[in-house]
Amino acid sequence: MDWRSRAICPQEDPELFFPIGRGGLAKLQTEEAKSVCRRCPVQEQCLEWALETAQDSGVWGGQSEDERRAMRRRPTRQRARSAGAKQPTAGVGSQR
């Protein structure tokens, strides 16, 4: 069974999950959509799917588009830091 068939969002107005703008009413709408997600048994699978398929609008898995964008950037920065830390550097004590 596909995770989407167990989601509770289809019982809600679809526009709830796609607020227009960032402030005022859109912010309230985003919070209301997130509250639906918090009650959903497939919230985690939904978020994974949204990240894997780069959904760039709406609330998915309890995360706004800005939150998902930040989540996608975070691993890139962590990989860059890890790669930088593992690179040998020339300097005191290095042999050439």
Side-chain angles (χ1 to χ4, degrees):
M1 178 185 294
D2 185 46
W3 63 267
R4 287 173 268 209
S5 64
R6 296 181 295 134
I8 63 172
C9 55
Q11 300 164 17
E12 303 289 333
D13 179 355
E15 291 192 20
L16 173 65
F17 299 93
F18 296 93
I20 297 172
R22 287 190 164 79
L25 292 176
K27 193 171 187 174
L28 291 173
Q29 186 177 344
T30 298
E31 290 307 313
E32 188 176 338
K34 287 179 174 186
S35 74
V36 172
C37 294
R38 284 190 292 271
R39 298 188 317 264
C40 186
V42 295
Q43 178 182 0
E44 194 172 307
Q45 293 96 327
C46 179
L47 178 57
E48 287 175 22
W49 180 83
L51 291 169
E52 289 172 3
T53 59
Q55 296 299 309
D56 61 354
S57 61
V59 175
W60 293 88
Q63 302 293 309
S64 69
E65 48 214 49
D66 291 336
E67 292 165 330
R68 288 192 314 280
R69 198 171 298 118
M71 292 174 85
R72 284 193 304 267
R73 284 193 309 258
R74 197 172 303 131
T76 303
R77 285 193 302 252
Q78 288 172 345
R79 281 194 302 270
R81 263 188 258 129
S82 295
K86 293 177 185 175
Q87 296 294 325
T89 57
V92 178
S94 63
Q95 298 176 338
R96 288 204 166 203

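Values below: every heavy atom of this structure, side chains too, minus hydrogens, waters and symmetry copies.
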Nearest heavy-atom neighbours spanning [X] and [Y]:
{"X": "Asp56", "Y": "Arg68", "answer": "C-NH2, 4.1 Å"}
{"X": "Cys46", "Y": "Gly61", "answer": "SG-N, 3.2 Å"}
{"X": "Ser35", "Y": "Glu32", "answer": "OG-O, 2.7 Å"}
{"X": "Cys40", "Y": "Ala7", "answer": "SG-CA, 3.8 Å"}
{"X": "Pro19", "Y": "Ala26", "answer": "CB-O, 3.7 Å"}

Any chance you could measure [X], atom [atom1], to [Y], atom [atom2], to the nearest 0.5 Å?
{"X": "Lys27", "Y": "Gln29", "atom1": "NZ", "atom2": "CD", "answer": "14.0 Å"}
{"X": "Lys34", "Y": "Gln43", "atom1": "NZ", "atom2": "CD", "answer": "10.0 Å"}
{"X": "Arg22", "Y": "Glu65", "atom1": "CZ", "atom2": "CD", "answer": "6.0 Å"}

Do Met71 and Leu47 make a side-chain contact, defined as non-hydrogen atoms from C-beta onward lying under 4.5 Å apart? yes

ILVMFWY clustering at 4.5 Å (side-chain atoms), partners of Leu28: Leu25

Students should find that the hydrophobic cluster of Trp60, defined by side-chain heavy atoms under 4.5 Å apart, otherwise consists of Trp3, Ile8, Leu16, Phe17, Phe18, Val36, Val42, Trp49, Val59

Glu15 atom CD, over 12 foreign heavy atoms within 6.0 Å: no

Within the supplied structure, the quantity of interest is the number of heavy atoms (other residues, nucleotides, ligands) at a distance under 6.0 Å from Glu44 CD; does it exceed 12? no

